[in-house]
Amino acid sequence: VDDPGNTELDASSKNKYDGIYLAGFGDKRLASGRHDDLWARTVVLDYGSTRIAIVSIDFIGYYSEGRYYGINQIQKMLDPKLGIQEILLSSTHSHEGPDTIGAWGDGPLKDGKYPKYLRFLDRQIAKSINMAARSLEPVRIKLGQTDPERSPAIAGMQTRTGGRPPKFFDQELRVMQFVGTAGKMRGKAVATIVNWNTHPESMENKNTYLTSDFPHAIRESVEKRYGGTALYINGAIGTAEIIGDTNNKNNDRIRFDGQDFPLKENNNRPVFTFDRTEAIGRDVAKAAIEALDRGEWSKNNSLSVKKADLKGPMDNQGYAFLAKLGVFDTIPLTDDGTMPEVKTTLYALDLGDAQIVTTPGELFPEVFYGVAKHKRTDCPQADTGAPPEPSIRDAMTAKYRFMFGLCPDEFGYIVPKYDWRREPVDLKKMQIRETADPCRDKGVPNHYHETNSASSEFAPASAGVSVALLTGKIPTDPAC
């Protein structure tokens, strides 16, 4: 036993392949090298009696209550004298890093996680938090935001999976910078958070080198410009993919950071190279720098934190089956065979002239902005009749409104109920089928996202709880 503090560890690691299966796309994708480092990057905020850690990690997802890894284990590794009260841990959702969930092992029913490596991650995350908490500096906060209209560098970067309607994205890029006010850090950037909204999977499924994808070049460029530590945190990325992934068109954007990356004539897809990925990251960084250059100083540095439990039925049959096999061993199964419950935490922060809300997965952007305003109109018969989820963003009152995705958990896609469809799983044949859309004959793709969603109730439940946290009132919307 090399870790006496974790009694589950060695049993979980027994007979497990101790190399790296890459997460995302398909299974059996083994890492063959490293292009750039994978990071746990932390900002610790301290105001009055409140001290919290905001952590970004370069992985597809993580969990707050894993059996042998996760935030519940990380908390035990923190120096108690540092007084960290909350850990807001967000995954970038990179598809080019180690499997931290379990779905991408040596076959569809094989666990791709290696527990001892995950325990190593816990230690590194805790180390990052401890280091940040021991090196606090007095700061003031600069805030900025931009979009493709004001920053053409990020125009044409986002697409919807397979063209799933509506054609709607969270196009806003938000930036928060902490600048020192005393001592050797006076006037210098201590840390910068870039908050943007699309899948970091620009290297696609043939790549076998470990990489944090385009967030690497974003952070590198921001740090080159300002110094300090840069964090990249995803937002409402449900259905939002980086250009070139799916839904490919012959007029897709091909020029990034002054370089052309032409599309192949046979499939309208580019050649996926690190040069292209890094050029994408540098263009996103240009937009972040423009946002900060046009930004403004927060009138104060006050910090308040609200949180609430979020629970929902874990009604994904495929997930339940994989949990029984031990592949998804972070999902608690019931002794009597009844439907398990998924639970997590939602946060709402007031930080100076900014607000931050969190979502425990890949939130469809129309849930953030309000389904009634942004639902699909192409196919009336596709509407299930479920009431629309209220706008989370409209419940925020600050000028700068941040959404931290996959925080503190990754429970898959969070899909609005009016457009929710999922086929029953054939457990005998272990076939997971994507439900056909009622307007499939018009080219609308099958409903893939529901097959990778832990709970059909998370969109209305999370929208209702988030609005309640932000307003202090229980929403009266029928969806909640």
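Values in this document were obtained by computation on a predicted structure and should not be read as measured data.
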Under 4.5 Å between any side-chain heavy atoms of [X] and [Y], yes or no?
X    : Y    : value
D283 : S151 : no
V55  : L231 : no
I60  : H95  : yes

Tell me the salt bridge (Lys or Arg N to Asp or Glu O under 4.0 Å) pairs involving [range], sequence neighbours left out?
range            : result
residues 437-449 : R376-D437
residues 259-273 : E204-R269, D245-R269, R255-D260
residues 460-475 : none
residues 380-391 : K375-D383

Inset, instruction - Write out all pairs satisfying side chain to side chain donor-acceptor pair (under 3.5 Å) with one or both partners inside residues 100-109, taking only residues at least two apart or from two chains. - result: none

Legend entry - Selection residues 160-169 - residue pairs positive for side chain to side chain donor-acceptor pair (under 3.5 Å), sequence neighbours left out: R160-T239, R160-E366, T161-E241, T161-H449, R164-D419, R164-H447, R164-H449, R164-E450

Inset, instruction - Examine distances only and state if a side-chain atom of D213 and a backbone atom of S202 form a donor-acceptor pair shorter than 3.5 Å. - result: yes

Return yes if a side-chain donor-acceptor contact under 3.5 Å exists between [X] and [Y], otherwise no.
X    : Y    : value
R401 : Q145 : no
T273 : D275 : no
D58  : S94  : no
R219 : S212 : yes
D36  : T211 : yes
H216 : E96  : no

Legend entry - Non-neighbouring partners of K373 that pass salt bridge (Lys or Arg N to Asp or Glu O under 4.0 Å), sequence neighbours left out: D394

Applying ring-ring contact (aromatic ring centres under 6.0 Å, His included), name anything that partners [X], two or more places apart in sequence or on another chain.
X    : answer
F404 : none
Y21  : Y17
F169 : none
F168 : Y369, H374

Inset, instruction - Dump the intermediate steps for side chain to side chain donor-acceptor pair (under 3.5 Å) on Y68 and D122, then the final yes or no. - result: CA-CA 10 Å; Y68 54 83; D122 284 349; over 6 Å; no

Inset, instruction - Can you see which heavy atom on T334 is nearest to which on T338, and at what distance? - result: OG1-O, 2.6 Å

Inset, instruction - Search all heavy atoms of D27 against all heavy atoms of P108 and return the closest pair with its distance. - result: OD2-N, 3.0 Å

Inset, instruction - Applying side chain to side chain contact (heavy atoms under 4.5 Å, CB included), name anything that partners N197, two or more places apart in sequence or on another chain. - result: Q158, D170, R174

Inset, instruction - Decide, yes or no, whether a salt bridge links D147 with R150 under the criterion of side-chain N to carboxylate O below 4.0 Å. - result: yes

Legend entry - Residue of the set F411, Y319, F321, Y63 for which ring-ring contact (aromatic ring centres under 6.0 Å, His included) holds with F328: Y319

